[in-house]
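A short worksheet on the structure shown next.
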Amino acid sequence: MTEDATAQDVLTVRREKLERLRAKGIEPFALRFDRDATTAEIAGKFAGLEPGEDSGQVVRVAGRLVGLREHGKLSFGVLRDGTGDVQLFLSAETLGADAYAALEDLDLGDWIGAEGEVVRTKRGELSVRPARLVLLTKSLRPLPEKWHGLRDVELRYRRRYLDLATNEEARARLAARARMLAALRGHLDGLGFVEVETPVLQPVAGGGLARPFVTHHGALDIDMYLRIALELYLKRLLVGGMERVYEIGRTFRNEGISPKYNPEFTMLEAYQAYGTYEDMMDLTEGLVKASAEAVNGSRTYSWRGTGVDLDRPWPRITLHDAVAEAVGRDVTTDTPVEDLQRVADERGVGYDPAWPAGKLVVELFEKLVESNLVAPTIVKDFPREVSPLARPHREDPRVTEHFDLIMGGVEIVPAYSELTDPDEQRARFEMQRAQAAAGDDEAHPFDQEFLVALEHGMPPAGGMGLGVDRLLMVLTDAPSLREVILFPALRPES
RNA sequence: GGGGCGUUAGCUCAGCCUGGUCAGAGCAGUGGGCUUUUAACCCAUGUGUCGGGGGUUCGAAUCCCUCACGCCCCA
């Protein structure tokens with residue numbers, strides 16, 4: 001038997017332990033365990049306990065066994081629950097000889113409950129000294145290597161539970177995300193915004209320029225789309241008289257996967273009646289600062305080695321000025337498309353010769369400027385061609401009152417003074433339809449129902465959308481969007 | 001779509017350039033010892049489709065081709 005066992009692999013050995021436990025009448029998948037303390041509570045409550053001192057107080061804790069150091073008739077375990085770790089001081093003396101011997105059926109990764117006195121060891125480690133130890137769930141597969149954890153990024157994403165079980169950083173990111181979402185909601189709620197929910201399944205995928213996922217509704221026998229944005233339904237609510245609304249929800253874009261793109265991502269959109277894009281700049285600043293405080297506890301953070309202080313004024317420059325500065329020559333709304341093409345050629349920026357000037361300027365911006373903007377920068381007044389839902393600029397109607405917030409070299413927020421004129425909106429949709437006919441598969445679809453809503457009258461408003469995953473990535477200096485998304489999109493395992 | 005890097009034990013990795021005891025280490029596991037450890041330690045010990053397929057060669061984890069998957073960069 002011993003000879004056989006040594007020839008077995010790790011998984012088989014654990015299965016054998018499982019059977020051995022059952023043979024002894026121990027249920028390896030227990031129903032429940034009534035714990036009365038978390039490891040964090042113990043750490044707080046007994047912080048003053050001196051080395052070598054016993055508290056005289058008994059607690060019941062539960063969690064995963066993630067460490068075990070055996071010393072003959074004395075062993076030290078590490079129990080991890082949702083709040084932290086605590087050491088288990090396992091002695092044959094306290095536990096009893098039989099229970100102590102039963103440790104041999106335990107493995108790292110098992111879920112256990114322990115009841116015992118809180119003590120601090122001679123070496124100063126706060127511990128629970130169990131008089132009773134209960135197996136709650138037997139783990140049949142080993143945890144990742146205890147020192148390095150999971151390094152294989154693909155495995156970390158596919159089996160995020162192992163990443164969370166062994167990687168403090170992964171747990172911290174998850175917690176930071178929750179705090180950030182709460183802060184965003186808190187900030188908006190405090191300003192009188194009402195949280196709403198609008199359709200994910202839409203007959204027309206509007207509100208942005210992106211290729212949607214298509215699905216099919218069986219009973220209606222029509223194709224439907226997963227939303228690429230929240231915008232057009234939130235605007236309908238403005239038509240209905242709701243003055244401040246927001247939604248935080250998943251949106252979907254059928255595009256590539258990269259450190260900056262995931263096919264599904266979380267978007268916050270907020271709309272404010274009687275607001276302009278200047279108001280949206282202020283709202284955006286407030287939301288980003290609230291997020292930073294929630295995530296990092298301060299309004300500063302570091303991005304790729306560069307410190308950023310959110311309390312410094314955020315530059316506000318026009319798109320054309322930003323491009324002009326980058327290429328070292330005048331670029332304005334008057335610059336003919338031929339001149340822009342020449343600049344693109346010089347800089348090695350690829351383009352479609354059919355593109356209008358506005359689209360080319362945006363391309364130049366994205367290729368030459370965007371990735372260099374580390375500290376938050378507001379880039380404003382985007383061309384009409386690329387911004388079909390924004391109001392024409394009050395001074396130069398060739399551009400719109402549309403700004404992007406760039407942080408960490410990526411677009412975090414687009415926002416507008418919203419277009420309320422239904423006839424102008426119709427003209428923009430026509431313009432997009434022409435671009436679609438010319439082969440642009442990311443052109444905005446024509447949305448007749450939305451035009452009807454606008455014809456009923458939408459109050460003047462500002463609106464903004466915030467990429468929640470991207471902002472969190474920047475604030476936590478995460479190397480990839482996939483680090484802040486628990487289960488990023490991956491090709492399925494064959 | 002193009003380019004670069006990667007894929008070796010359950011996990012973390014070495015070996016590849018320069019083909020020939022090159023199937024290795026640590027962790028995890030197994031057996032033994034140990035009543036104050038903190039990646040505990042000490043002794044003993046098992047572990048492989050070297051990503052798949054094909055080729056070159058007397059001989060391939062190693063060189064070549066190809067496919068798959070992943071990561072990064074570019075379009």
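Because only heavy atoms are used, hydrogens play no part in the values below, and waters and symmetry mates are left out as well, while side chains stay in. Numbers restart at 1 for each chain; the letters A, B, ... are given by sequence-line order, proteins then strands.
Side-chain proximity of A:P144 to the nucleotides B:rU36, B:rU35, B:rC11 is greatest for B:rC11. For A:K146, the side-chain atoms get nearest to B:rC27 when compared with the rest of B:rG29, B:rC27, B:rU35. Among the nucleotides B:rA75, B:rC71, B:rC69, the one closest to any side-chain atom of A:K367 is B:rA75.
For B:rU30, one of the phosphate oxygens OP1 or OP2 lies less than 4.0 angstrom from a side-chain nitrogen or oxygen of A:K17.
Nucleotide B:rC71 holds its P atom 10 Å from the CG atom of A:D152, rounded to whole Å.
Residue contacts shown for A:R482 are limited to sugar-phosphate atoms, with no base heavy atom under 4.0 Å away. Here A:R69 lies in heavy-atom contact (under 4.0 Å) with a base. Residue A:G52 is out of contact with every strand shown, counting any heavy-atom pair closer than 4.0 Å. Using a 4.0 Å heavy-atom distance criterion, A:L143 is classed as making no nucleic acid contact.
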Would you tabulate the pairs of protein nitrogen or oxygen atoms and nucleotide nitrogen or oxygen atoms of nucleotides 14-16 of chain B closer than 3.5 angstrom?
none

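In this entry B:rG19 has no Watson-Crick or G-U wobble partner, no candidate having both defining distances under 3.5 Å.
In terms of the ring-ring contact (aromatic ring centres under 6.0 Å, His included) criterion, A:H320 has no residue partners (sequence neighbours excluded).
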